[in-house]
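Note that ligands are numbered from 1 as they come in the structure, with each ligand's atoms numbered from 1 the same way. Numbering starts at 1 and runs along the sequence shown. The analysis underlying the following values was restricted to heavy atoms, covering all of them including side chains, and did not include hydrogens, waters or symmetry mates.
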Amino acid sequence: MLAGKRILLIVGGGIAAFKSLELIRRLREQGAAVTPVLTRAAEEFVTPLSASALAAEKVYRDLFDLTDEAEMGHIELSRAADLLVVAPATADLMAKMANGHADDLASTLLMATDTPVMIAPAMNVRMWEHPATRRNAARLAADGVALVGPAEGDMACGEYGPGRMAEVPEIVAAAAAALASGPLTGRKVVVTSGPTHEPIDPVRYIANRSSGAQGTAIARALAALGAEVVFVTGPADVPPPAGVTVKRVETAREMLAAVEAALPADAAVFAAAVADWHVAGATGSKIKKKPGAAAPALELVENPDILATVAGMTRGRPPLVVGFAAETDDVTANARAKRTRKGCDWILANDVSPGTGIMGGDENAVTLITEAGAESWPRLSKTEVAARLAHRIAEALAG
Ligand code: CTP
């Protein structure tokens with residue numbers, strides 16, 4: 001997927017810099033050419049010789065190297081690439097980028113470039129959570145910089161939490177997605193996915209068995225065809241795909257707000273298993289068991305129907321609105337009725353009876369219902385269902 005692409009890899013000075021050598025190998029395996037740039041601090045962790053040997057390219061290190069400037073000026077260097085990847089992006093590098101500093105080669109290249117930039121932050125958890133880094137990350141995202149990671153886990157400093165650099169395969173996948181071009185390049189698609197959690201009190205909630213696997217696969221397939229994807233996800237089991245904008249939500253009402261904020265879009269796919277109800281008057285206090293008293297009665301209130309709301313928009317409705325119909329009986333008939341009732345263009349009906357193993361499983365058996373009729377697809381992996389759907393969406397938007 002990266003064949004013929006040139007990546008300028010800026011390595012910041014953090015302990016995760018050792019992973020940059022593996023990153024160079026994996027990017028090259030995918031067909032990319034990699035030009036490494038080491039900051040002065042990065043050289044404390046990896047040697048220019050190893051970076052150069054693995055990249056089979058010259059390594060750039062210094063802004064004031066006259067030989068480099070004569071061969072290729074920093075402006076040209078920053079623009080010769082298809083993508084700039086900063087891995088690891090330290091707190092300091094992020095701060096420089098967010099504030100437009102240009103006092104060394106790495107920061108100057110980042111200022112001078114007109115190509116897309118992706119960063120893989122890596123730092124101590126407190127540094128990641130520091131308000132300054134939060135501000136810088138938000139600023140960079142608003143400036144159009146793509147962030148991959150950080151992941152959560154044990155850190156080299158002995159602490160635990162978010163701040164670990166994303167794993168190399170994830171960075172490679174994100175780079176591939178950022179560079180993907182295909183029939184959906186220039187198109188924006190909103191995808192909902194996963195379950196929602198509806199609080200009963202601060203410690204309990206109502207949920208469902210959706211893993212988020214199908215919605216995640218759809219978002220990944222759309223991004224692979226070049227779409228800009230906004231992925232609105234409830235608390236799912238599977239991690240979100242790389243190369244998409246992730247909006248995490250808990251409740252159906254939050255999901256609706258995130259979808260509305262993501263519009264306008266060329267298409268919207270509603271794969272989330274949204275809870276139909278939330279608990280009225282869920283409060284900030286834990287419901288206590290009282291000896292001898294009756295169990296508490298939960299009053300349920302209907303949630304907004306996100307699919308129906310978007311499909312029914314009079315202004316700004318995405319030209320293609322796709323829903324799912326999770327059914328256990330009379331699948332096609334129920335799904336046809338649901339398509340009409342919700343006002344969407346397409347419905348993918350699936351039988352989620354316990355015997356099918358679809359809910360939470362790796363496969364799906366769907367029937368695509370459009371105005372033209374019903375089309376049953378064979379039982380396929382969720383990845384294959386996603387790829388088929390993404391291609392159908394591309395065809396529909398092209399036509
Ligand atoms: N959906 C939604 N918002 C809701 C409920 C459902 O956006 N509050 C969307 C789902 O993402 C899916 C479609 O509507 O694309 C159908 O979901 P499903 O659970 O099958 O339908 P329901 O409307 O809940 O109908 P029922 O439970 O009666 O079958």
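- Remark: T90 OG1 to M94 CE distance equals 9.0 Å, nearest 0.5 Å.
- Both L368 and I218 sit in one connected hydrophobic cluster of ILVMFWY residues. Membership requires side-chain heavy atoms under 4.5 Å apart, directly or through other members.
- The residues E375 and R392 are annotated as salt-bridged, a charged nitrogen and a carboxylate oxygen being separated by less than 4.0 angstrom.
- With W346 as the aromatic partner, R339 does not meet the cation-pi criteria of under 6.0 angstrom to the ring centre and within 45 degrees of the ring axis.
- Protein neighbours of ligand 1 below 4.0 Å, counting non-hydrogen atoms: F270, A272, V274, D276, P304, D305, I306, L307, G323, F324, A325, A326, K338, K342.
- Inspection of the T233 and R248 side chains reveals no N or O donor paired with an N or O acceptor under 3.5 Å.
- Clustering of Ile, Leu, Val, Met, Phe, Trp and Tyr by side-chain heavy atoms under 4.5 Å joins M313 with V190, V230, V232, V249, M255, L256, V259, L263, F270, V274, I306, L307, V310, V321.
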